[in-house]
Every structure is written in structure tokens, then in C-alpha cells.
Enquirer: 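One structure follows; several queries about it will come next.
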Amino acid sequence: MKISIIIPTLNEAATISKLLSHLINMCSAEDLIKEILIVDGGSIDGTQDIIHSFSVQQDITIRFISSEKGRAKQMNTGAKETTSEILYFLHADSFPPPAFDQLIVTKVKNGDAAGCFRMKFDHNHWWLKIIGWFTQFSGRACRGGDQSQFITKNLFEELGGFNESYIIYEDHDLINRLYARNQFVVIQEWLITSARRYLDHGIWTLQFHFLTIYIKKWRGAGPEDLYQYYKENIAK
């Protein structure tokens with residue numbers, strides 16, 4: 001079984017080379033990674049140049065793909081570009097654990113067609129530690145895109161991929177569909193993700209807005225309503 005890592009980017013010059021180095025250093029010696037696909041939504045900060053310079057020095061295939069802006073669109077574009085049996089969707093500021101590729105393949109071979117890692121932030125604030133601690137549990141409310149997500153390509157295509165109507169919350173939408181089919185597992189190894197958004201907006205402010213979005217979705221809000229709230233309160 002081979003894995004394609006799909007990373008949606010938009011102006012990630014500050015982090016992308018660090019992530020690519022991490023992935024190459026943390027993968028196992030089993031030659032399980034077929035390629036790393038960087039699917040860019042129109043970066044203007046030199047992200048593409050950094051990826052090109054980095055890729056020519058590596059044995060692992062690293063491909064830069066241009067896409068329409070929007071994580072759902074970018075990740076769907078990446079999925080269409082590969083024939084690997086396993087897709088691994090990863091944010092540009094999330095760093096998976098050692099031998100992550102072997103851990104994923106082992107789960108898939110054992111019959112777990114989709115899942116994620118538990119997660120902790122790269123910051124010591126007590127609330128962020130609590131959020132991370134809860135990600136070890138299987139409850140749907142404990143999930144998020146920052147934990148990364150693996151899924152077999154067959155299952156991904158069967159579900160229709162990411163719903164491109166969602167400008168935000170696209171990861172939760174797919175996860176909800178997987179939970180409805182009881183096809184999701186949490187690998188009990190730590191992925192480290194950046195707390196930069198919490199620090200930029202304020203921890204309590206951002207947590208309030210994330211909770212509001214979650215409740216809005218639970219009460220039936222559609223993609224446009226969620227994005228409007230996001231634009232007014234987080235993206236401003």
C-alpha cells in the first residue's frame with residue numbers, strides 16, 4: 001500500500017519547508033510514501049519557489065499543483081491527481097509523529113479505512129493542553145482538521161470527497177459522514193500542531209467563535225451561513 005500526502009497551502013512560506021523536512025525525517029524506512037502533493041490556492045509569498053527548491057534535493061516525489069482557492073477544492077484536486085490507495089490530508093502547520101506512514105498503513109490493513117492522530121498544540125497554555133488531551137477520545141466533538149486525516153481512496157471517492165460548498169468546516173463535514181458509517185479511528189500517537197491562530201486572535205476569543213460555528217452547524221446552518229460568520233468574526 002502506498003500513501004499520497006496532500007497538503008493544501010495558501011501563503012505558507014514560513015512553515016512549508018519545515019513541514020516537508022519533518023515528513024521526510026519522520027517517515028519509516030518501508031518506502032510507503034508515494035508522493036507529497038502541495039496543492040496551492042494562489043500563494044503570493046514565494047511558497048512555490050520554496051517548494052521547488054526543496055523538492056529537487058529529495059528522493060521522495062514532491063509535486064506542486066495549482067488549484068482554485070479553498071481547502072475543500074484544493075484537497076479534492078490533490079486526490080484526483082494520485083492513484084495511491086491511501087490519501088493523507090495534512091495542514092501545513094501540523095506535524096505528524098515518527099513512523100506516521102507505517103502507523104496509517106497498519107490501521108488500514110487492519111480494516112480501519114479512515115481516521116486521524118490525537119493532537120497537541122505547540123504552546124503551554126492550560127486550555128490548549130486540555131483541548132489536546134480530549135483528542136485521544138473517539139467522540140465526534142473531539143475531531144478537527146488540524147489532527148490530519150487519512151482515508152482510503154476508494155472510500156473517499158465513494159463518499160464524494162470533500163463538499164466544496166464548505167469554504168470552512170469541510171473537514172468536519174467529511175468526518176461527520178464517516179462517523180455516520182462508523183468508519184473512523186483515532187491513532188493514539190501525538191501530532192503537533194501550531195497554536196498560531198489562537199495566539200493571533202486570542203485564545204478565548206477564537207475558542208468562542210469555534211464553539212459558535214460548531215453549534216450553528218449542529219442546529220442546521222448551511223455552508224454559506226458558517227462562512228459568513230467566519231468572515232465577520234475570524235477572517236476579518
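Both backbone and side-chain heavy atoms feed into the values below; hydrogens, waters and symmetry mates do not.
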Enquirer: Any donor-acceptor pair under 3.5 Å linking the side chain of Thr135 with the backbone of Gly132?
Expert: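 Flag set: sc Thr135 to bb Gly132 pair under 3.5 Å.
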
Enquirer: Under 3.5 Å, is there a donor-acceptor pair between the side chain of Asn11 and the main chain of Ile44?
Expert: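 A pair under 3.5 Å: yes.
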
Enquirer: Between the side chain of Thr61 and the main-chain N/O of Glu35, is any donor-acceptor distance below 3.5 Å?
Expert: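 No, Thr61 side chain to Glu35 backbone: no donor-acceptor pair under 3.5 Å.
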
Enquirer: Examine Tyr88 together with Phe150 and report whether their ring centres are nearer than 6.0 Å.
Expert: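 Between Phe150 and Tyr88, which both carry aromatic rings, the centre distance is not below 6.0 Å.
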
Enquirer: Has Lys2 got a side-chain atom pairing as donor or acceptor with Glu85's backbone, closer than 3.5 angstrom?
Expert: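 It does not hold such a pair.
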
Enquirer: Does the Ser43 side chain pair with the main chain of Asp45, one donor and one acceptor, at a distance under 3.5 Å?
Expert: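 Not at all, since once roles are kept as given, no pair shorter than 3.5 Å links the two residues.
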
Enquirer: Do Val39 and Met75 have side chains that get closer than 4.5 Å, going by heavy atoms?
Expert: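 Val39 does not reach Met75 side chain to side chain.
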
Enquirer: Decide if atom CD of Gln228 counts as having more than 12 heavy atoms of other residues, nucleotides or ligands within a radius under 6.0 Å.
Expert: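 Check passes, neighbour count above 12.
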
Enquirer: Identify the two heavy atoms, one from Lys153 and one from Ala79, that lie closest to each other, and give their separation to 0.1 Å.
Expert: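 That closest heavy-atom pairing would be NZ-O, 3.2 Å.
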
Enquirer: Is the charged tip of Lys216 near the ring of Tyr169: under 6.0 Å from the six-membered ring centre and within 45° of its axis?
Expert: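 Verdict for Tyr169: no cation-pi partner in Lys216.
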
Enquirer: Closer than 3.5 angstrom, by distance alone: can the side chain of Ser194 be matched with the main-chain N or O of Arg196 as a donor-acceptor pair?
Expert: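 Checking the backbone N and O of Arg196 against the side chain of Ser194, a donor-acceptor pair under 3.5 Å is found.
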
Enquirer: I'd like to know whether His201 forms a side chain to side chain contact (heavy atoms under 4.5 Å, CB included) with Ile234, so could you lay out the CA-CA distance, the side-chain angles of the two residues, the decisive distance to 0.1 Å, and finally the verdict.
Expert: CA-CA 8 Å; His201 292 277; Ile234 298 177; 3.9 Å; yes

Enquirer: Determine whether Met119 and Gln136 make a side-chain contact, defined as any pair of heavy atoms from C-beta on separated by less than 4.5 Å.
Expert: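 Not touching, per the 4.5 Å side-chain cut-off.
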
Enquirer: Just checking, is any N or O donor in the side chain of Asn163 or Glu170 under 3.5 Å from an acceptor N or O on the other one?
Expert: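 Note: Asn163 and Glu170 side chains miss the donor-acceptor criterion.
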
Enquirer: Do any N or O atoms from the side chain of Thr152 and from the backbone of Leu155 form a donor-acceptor pair under 3.5 angstrom?
Expert: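 Yes, the answer is positive, given that a donor and an acceptor are paired below the 3.5 Å cut-off.
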
Enquirer: Please check this pair: side chain of Asp101 against backbone of Cys27, looking for a donor-acceptor N/O pair closer than 3.5 Å.
Expert: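 Between the backbone of Cys27 and the side chain of Asp101 there is no qualifying donor-acceptor contact (under 3.5 Å).
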
Enquirer: Is the Trp133 ring parallel, tilted or perpendicular to the Phe137 ring (thresholds 30°, 60°)?
Expert: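 Ring orientation, 0 to 90° scale: perpendicular.
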
Enquirer: With no hydrogens and no angle check, do the side chains of Tyr166 and His172 hold a donor and an acceptor under 3.5 Å apart?
Expert: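 His172 and Tyr166 do not have a side-chain donor-acceptor pair below 3.5 Å.
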
Enquirer: Give a yes or no answer on whether the side chain of Asp112 reaches the backbone of Ala114 with a donor-acceptor pair at less than 3.5 Å.
Expert: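 Not at all, since once roles are kept as given, no pair shorter than 3.5 Å links the two residues.
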
Enquirer: Please tell me whether Glu12 and Thr15 have a donor and an acceptor in their side chains that are separated by less than 3.5 angstrom.
Expert: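 The answer is yes; a qualifying pair exists.
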
Enquirer: Between Phe162 and Phe89, does the ring centroid distance fall short of 6.0 Å?
Expert: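 Between Phe162 and Phe89, the centre distance is under 6.0 Å.
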
Enquirer: For Glu164 and Lys73, run salt bridge (charged side-chain N to carboxylate O under 4.0 Å, His left out): C-alpha distance rounded to whole Å, both residues' side-chain angles, the deciding distance at 0.1 Å, then the answer.
Expert: CA-CA 6 Å; Glu164 295 183 5; Lys73 292 179 179 179; 5.3 Å; no

Enquirer: I'd like to know whether Arg143 forms a side chain to side chain contact (heavy atoms under 4.5 Å, CB included) with Val186, so could you lay out the CA-CA distance, the side-chain angles of the two residues, the decisive distance to 0.1 Å, and finally the verdict.
Expert: CA-CA 9 Å; Arg143 303 281 72 82; Val186 180; 3.5 Å; yes

Enquirer: Should the heavy atoms of other residues, nucleotides or ligands under 6.0 Å from CG of Asn25 be counted, would the total exceed 12?
Expert: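 Atom CG in Asn25 is packed in, count exceeds 12.
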
Enquirer: Describe, in one word, how the ring planes of Trp126 and Trp204 are oriented to each other, choosing from parallel (under 30°), tilted (30 to 60°) and perpendicular (over 60°).
Expert: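 The arrangement is tilted - the two ring planes meet at 30° to 60°.
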
Enquirer: Are Phe117 and Phe100 an aromatic pair by the rule of ring centers under 6.0 Å?
Expert: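 Between Phe117 and Phe100, the centre distance exceeds or equals 6.0 Å.
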
Enquirer: To the nearest 0.5 angstrom, please state how far the CD atom of Gln188 sits from the CZ atom of Arg118.
Expert: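 If I round to the nearest 0.5 Å, the distance is 5.0 Å.
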
Enquirer: How close do Pro223 and Ser165 get, heavy atom to heavy atom, and via which atoms?
Expert: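 In this case the closest contact between Pro223 and Ser165 is CB-O, 3.1 Å.
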
Enquirer: Please check if any side-chain donor atom of Ser66 sits under 3.5 Å from a side-chain acceptor atom of Asp40, or the reverse.
Expert: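 On atom types as modelled, these side chains do not qualify, holding no pair under 3.5 Å.
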
Enquirer: Answer yes or no: are there more than 12 heavy-atom neighbours, outside Phe134 itself, under 6.0 Å from its atom CZ?
Expert: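 No, CZ of Phe134 has 12 or fewer neighbouring heavy atoms, counting only those of other groups under 6.0 Å.
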
Enquirer: Closer than 3.5 angstrom, by distance alone: can the side chain of Ser94 be matched with the main-chain N or O of Leu90 as a donor-acceptor pair?
Expert: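 No, Ser94 side chain to Leu90 backbone: no donor-acceptor pair under 3.5 Å.
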
